[in-house]
Amino acid sequence: MMEEEIATSLKTHDHVRVPVTGETVQVGDVIVFGDWGYTVVDVMDLSDDKKGVRFRTGEELIVQPNDGLSAVRAFRKR
């Protein structure tokens, strides 16, 4: 696995809270659990349309296609 560079600069990117599911989660998303944010460094396809999500902390999560999660996503400023 090769980790993508994750955009964090407020000078070059806007950070927007977005709803994500197992179908839409992306590397670089910061998924929010309570008061904590976990940065996604890898998304793997698993069986039965599930996704394996690995966080920068080394923790992993299995996400169903319709699981609703809250995330912050960086968008390059125009």
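Predicted, not measured: the structure shown is a model, and the values here were computed from it.
Each ring-ring contact (aromatic ring centres under 6.0 Å, His included) pair with one or both residues in residues 57-78, not counting sequence neighbours, would appear here, but there are none. Listed by first and then second residue, the salt bridge (Lys or Arg N to Asp or Glu O under 4.0 Å) pairs involving residues 31-41 amount to none (not counting sequence neighbours). Here salt bridge (Lys or Arg N to Asp or Glu O under 4.0 Å) pairs that include residues 60-69, with residues two or more places apart or in two chains, are Arg54-Glu60.
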Full working for side-chain contact (heavy atoms from CB on, under 4.5 Å) between Val40 and Ile31:
CA-CA 7 Å; Val40 176; Ile31 296 179; 3.8 Å; yes
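In this view, Arg17 and Ser70 satisfy the side chain to side chain donor-acceptor pair (under 3.5 Å) rule, not counting sequence neighbours. Asp45 meets the salt bridge (charged side-chain N to carboxylate O under 4.0 Å, His left out) test with Lys51; sequence neighbours excluded. Under the side chain to side chain donor-acceptor pair (under 3.5 Å) criterion, Thr57 pairs with Glu59, not counting sequence neighbours.
Considering only heavy atoms from C-beta on, Leu46 comes within 4.5 Å of Ile62 through its side chain.
The distance from atom CZ of Phe55 to atom CH2 of Trp36, rounded to the nearest 0.5 Å, is 14.5 Å. Taken from NZ in Lys50 to CE in Met44, the straight-line distance is 13.5 Å, to the nearest 0.5 Å. Taking OG1 of Thr24 as the start and CZ of Arg73 as the end, the distance is 6.0 Å to the nearest 0.5 Å.
The one candidate from Thr21, Asp29, Val25, Val63 that meets the side-chain contact (heavy atoms from CB on, under 4.5 Å) condition with Leu69 is Val63.
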